[in-house]
Amino acid sequence: MDKSQHLLTNELDRLRQRIETEPAEVLKAAELCAVKANQILYPEGVIDSLVIISRCHWSLMDYRKGLKRIREAFNKLSQVENDDALPEILHVHALQYWGQAKYYSAQQFWIKSLEQSALVDHVEIQIESLIGLGNVWRVLGDYSLAQKTHELAVKVANNMRIDWLEGKARILLSWDNYLLGNYIEMLSILDGAEEALQHHHDSTWHAEIWDFRGLALLGLERLDDADQATQKAQKLVEQNDLVWMRAHSFVSRARVALLRKQPAKSAELLHVAESAATSFDDGELLSQIYYQQSRVAEEVGDYKIALDAFKKYRAHSTNMLREQTAREGNDKARASKRILETRALKLINRIRGQHEYDPNKHMSQAVSENYWWEQLILFKTQLKQSNYSVIVLHHNNNQCLDICMELAHTLCNQSDLLARLSPERLGVLIAEKDEQASTIHDVLSKMVEIYPWQRRGAEKVPPTVKLYDILTFPFTLEQLEQQEPQGFELESMTLEEEL
């Protein structure tokens, strides 16, 4: 790379950092860089410039121009000797289709981006693609699959220590949980997002965190806390002139006012939200605003205004449905929807496996669930000659058990076996019994108790660690699940008696 190419590369790197905050200015500068890269016969610089130009068009919501420029970047790839830029080019394609509400085409390109990012080890694009696929499933109404995909994006970002992407994925994961009605989970997820983004400059994300926190508190009927959270979101919106978030924050404030029996204030806030949304929204947010206006008018007994607002709500929601149906009908990828989803799920499961059983962690004693149960039965048949005991760790949070697997593995020797028995249970077959087994149980319990869970974005409540004699341990997972609640209940009763 000569001096002129090196200087151009440095300039493009600086422009990338300003895309979200100054897209119009960066667009002009990137256009000049593309011309310069062509003049000095530097195809990598041309490709990088075109990617930045397309991202700027995305930020400015000019998706047609963005799609045109990213296609130019794709065509330029034949002039370079590697495919390092391909994952990002495919990802930006998906973004442009997403902006045009062509969800299946966006899904197709995010799947390709996920495949390519795995080949060239581009972790950031891999996480972005997972986030995009989760968004597609959320829009198409598959909230559970969206939640699992965004959970995986959080896991990968956390493992790779990419804080800003972890925060972004957590915000979208909280949205999935809101649609599923999991308000308590939302609060812990948003706390993790706030911690991950504490050094990030994007005020939109911080406003979204407070806005979603307010919605979660509303769902839990904690009106005073919801009021404070939505006020903080609105303050951030006004301080930073966040046009897109302004309407959202006013709608949330209106919901709080309505639940606090302040219909006049709620109507005023909704009027402001309507004015803000009219300038950019294509119907989704406006339909929510008109629905809320109808509820407020009905609350005060003004049925004529309530009917007019409801008619507007119906008109916008019907138009949205009609447009989405037309777009899906014209979408070339619609016919292969099931094939696309199958490919996506295979990729997601592969990535999940890589991060749940990362070979870099050297978990040589981790085995499959079936093998673990086979060995358990084999040791049971040795009766009193068996030198094994069983430790079971139980927690509802999948991430906590991943951490417990790392902790338990540090205590394992060559004769011990470790396995995930279910999404909520981790089993350890230890080659010790009686006092030695009790010692290992006590050490593991203490490790779990003093572990800094918050540093890994996990729950503060530690898992339950329980020791079993192998001869009395159940033969199946179903028997264990039936037996455990009784054991936990007896333990809690004993504690209460001691107190």
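- Among residues two or more places apart in sequence or in another chain, the side-chain hydrogen bond (donor to acceptor under 3.5 Å, both in side chains) test is passed with Thr230 by Arg253.
- The salt bridge (charged side-chain N to carboxylate O under 4.0 Å, His left out) contacts involving residues 162-177 comprise Glu128-Lys168, Glu166-Arg170, where partners must be two or more places apart or lie in separate chains.
- Residues meeting the side-chain hydrogen bond (donor to acceptor under 3.5 Å, both in side chains) test with Asn82, sequence neighbours left out: none.
- Remark: Glu449 pairs with Lys446 by the salt bridge (charged side-chain N to carboxylate O under 4.0 Å, His left out) rule, at least two apart or across chains.
- Considering only residues two or more places apart in sequence or on other chains, Asp191 meets the salt bridge (charged side-chain N to carboxylate O under 4.0 Å, His left out) condition with Arg213.
- A search for side-chain hydrogen bond (donor to acceptor under 3.5 Å, both in side chains) contacts involving Ser117 returns nothing, not counting sequence neighbours.
- In terms of the ring-ring contact (aromatic ring centres under 6.0 Å, His included) criterion, residue partners of Tyr451 (sequence neighbours excluded) are, by chain and number, Trp453.
- Listed by first and then second residue, the side chain to side chain donor-acceptor pair (under 3.5 Å) pairs involving residues 20-29 are Arg18-Glu22 (not counting sequence neighbours).
- Taking the salt bridge (charged side-chain N to carboxylate O under 4.0 Å, His left out) definition, one finds that Asp121 meets it with nothing, sequence neighbours left out.
- In terms of the salt bridge (charged side-chain N to carboxylate O under 4.0 Å, His left out) criterion, residue partners of Glu72 (sequence neighbours excluded) are, by chain and number, Arg69.
- Pairs passing the ring-ring contact (aromatic ring centres under 6.0 Å, His included) check and including a residue from residues 210-237, sequence neighbours excluded, read Trp175-Phe212.
- Applying the ring-ring contact (aromatic ring centres under 6.0 Å, His included) rule to His93 yields the partners Phe109; only residues at least two apart in sequence or on another chain are considered.
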